[in-house]
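Only heavy atoms go into these numbers, but all of them, side chains included; no hydrogens, no water, no symmetry mates. Each chain gets a letter, A, B and so on, in the order the sequences are listed, and its residues count up from 1.
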Protein chains: 2
Amino acid sequence: MPVTITDPGDPRVADFRDLKAGDRPAGTPRGTGPVIVEGTAAVERLLLSPYPLRAVFGVPGRVEDLDLPDDVAVYVADKWVLSEVIGFRLTRGALASADRLPPADLDALLRGADPAAPRRLAILEGLNDHENLGSIARSAVALGIEGLLLDPRCADPLYRRSVRVSMGHVLTLPFAVLPDWPAGLDRLHDAGYLTVALTPADDAVDLTEVDPREHTRTAVLLGAEGPGLTPEAQRAARVRARIPMRSGVDSLGVAAAAAVAFATLR
Amino acid sequence: MPVTITDPGDPRVADFRDLKAGDRPAGTPRGTGPVIVEGTAAVERLLLSPYPLRAVFGVPGRVEDLDLPDDVAVYVADKWVLSEVIGFRLTRGALASADRLPPADLDALLRGADPAAPRRLAILEGLNDHENLGSIARSAVALGIEGLLLDPRCADPLYRRSVRVSMGHVLTLPFAVLPDWPAGLDRLHDAGYLTVALTPADDAVDLTEVDPREHTRTAVLLGAEGPGLTPEAQRAARVRARIPMRSGVDSLGVAAAAAVAFATLR
């Protein structure tokens, strides 16, 4: 039975307080706050994900639409109280919070459930824009990428804005941080991956000439919007490849480039 | 010689006043305000575009970096005055305004400079999100799409946020509104185009099986995030095609789908 919240200061909805302020509760380290999920479609994806649900909060009409387990804490409020708690007007009407989980075990992520099965990963370097990260995660899930590896400078993929832009799909995509960057890419080479560094450079090979069928396992590396992959990361990868582009155009956005690369290498 | 602005109310920088308020000056019809371009890279693209430059406004350090024609009105201000005029803090430090031009002539856009040359267009239906529109325009230019056709419900591609997300590339992409939607698609068929409606529906053909080399001219149709293309638009197109996706995932974002489609059909 949902609990009705009438006081915006109610401690029971502390998970959802002042969400615009930043990516975590004040004074706590990065990547430590609960995972916040916005909108009924994304909350439904959370329910199918491994992240343990903490609480649901929304307007009654939207919360009713969710097929929630019996033991979950459910809070409802009118839209004014809801907006007052979260700090902005939420048109989607429902949120959920979930506990973080430790990142995936790197060896397990590289190996997969079946060591002989084809496997495709994406590796992101310096991706510090939460929206690009969320967009890449959504495309990754849609286009059959099975996991995400992040260099130590990447943004938090579980931050609210990443989760929102991914439409909740990032919650179903295992990810791990690759330490010892970029030398750690040899962990992928040892596990049989062809690593493909994406760059707009003229001397890179055409991505459409990298035949994924020749390689059981591929991992595509993408750098941040603007700088792109560092020379060190490009050197550490087995292949440097470019998406064929009209000359004179600097490059695709990183989220668009990721989608094209994922689709091309399938 | 740049004119220094010290009074935020100075009428000479009226083009740049209160940019956050909306997509046009108060009380004027949609799509009538000047084109506003943010950031030196995008301003440089404006200089190469057909849009007539009206004025440049920014902090001295950034404005100096631009290679501007002699006869253009150039205004500089410190960052506080600049922010006060435009209504937000601009980290990129330079803006420009330009006159709108009438949309491209539809027949000329369909025909191209050389009637025998291959030609690829994108057609957008109900794309009412300026950022998606900008992102699609950027990918279109990078991936060799030669023009954009918009149904009457699409957002204004020259609105500030579209221009910004496109990194100014939308200014180099001709566009026209296709009246009589979707029956007007027959104008494309008469001009020799294969029209390809993108949909995640199971009964659509695999996009990778649509061979663009069999067709000198192709036009790919995309609908808005969420609803996608209307059934009427799908019926009016020659082919319905889908991007192969992992089952159970609803779909790619429209900007990612556009990039994949443009890359696949080249």
Side-chain angles (χ1 to χ4, degrees), chain A residues 39-42 44-45 48-49 92 120 129 131-132 134-146 164-173 198 200 206-208 212 225-226 241-266, chain B residues 39-42 44-45 48-49 91-92 120 129 131-132 134-146 164-173 198 200 206-208 225-226 241-266:
Chain A
T40 48
E44 273 158 8
R45 278 182 203 114
L48 301 171
S49 83
R92 301 184 200 186
R120 296 186 320 129
D129 180 287
E131 299 194 9
N132 278 334
S135 177
I136 291 170
R138 180 179 177 186
S139 296
V141 171
L143 297 170
I145 295 287
E146 283 145 304
R164 186 184 63 213
V165 173
S166 84
M167 304 286 279
H169 288 297
V170 70
L171 302 171
T172 65
L173 189 68
L198 218 61
D206 185 329
L207 182 67
T208 59
E225 187 83 26
R242 64 183 163 74
I243 295 169
M245 262 179 270
R246 179 137 67 182
S247 65
V249 175
D250 48 355
S251 79
L252 282 170
V254 64
V260 170
F262 300 160
T264 305
L265 290 175
R266 65 185 300 152
Chain B
T40 48
E44 273 159 7
R45 274 179 207 117
L48 300 172
S49 83
T91 48
R92 302 186 199 183
R120 296 186 319 128
D129 180 288
E131 300 194 7
N132 278 334
S135 177
I136 291 170
R138 181 179 179 187
S139 296
V141 171
L143 296 169
I145 295 287
E146 284 145 305
R164 187 184 61 213
V165 173
S166 84
M167 305 286 279
H169 288 296
V170 69
L171 302 172
T172 64
L173 190 67
L198 218 61
D206 185 329
L207 182 66
T208 59
E225 188 83 26
R242 64 182 165 73
I243 294 169
M245 262 179 271
R246 179 136 69 181
S247 64
V249 176
D250 48 355
S251 79
L252 283 169
V254 64
V260 170
F262 300 159
T264 305
L265 290 175
R266 68 185 301 152

Task: Side chain / backbone / both / neither for B/Ala263 at chain A, heavy atoms under 4.5 Å - done: side chain
Task: Under 4.5 Å from any heavy atom of chain A - which part of B/Leu48 - done: neither
- [ ] Pick one of side chain, backbone, both or neither for B/Ile243, based on which atoms fall under 4.5 Å of a heavy atom in chain A.
- [x] side chain
Open item on the list: So which residue, A/Ala255, A/Pro244, A/Ala261, A/Ala257, ends up with the most heavy-atom pairs under 4.5 Å with chain B?
Closed with: A/Pro244
Open item on the list: Please find the pair of heavy atoms, one from A/Val260 and one from B/Ala259, that lie closest to each other, and give the distance.
Closed with: CG2-O, 3.4 Å
- [ ] Compare all side-chain heavy atoms of A/Arg266 with those of B/Arg246 and state whether any distance is below 4.5 angstrom.
- [x] no
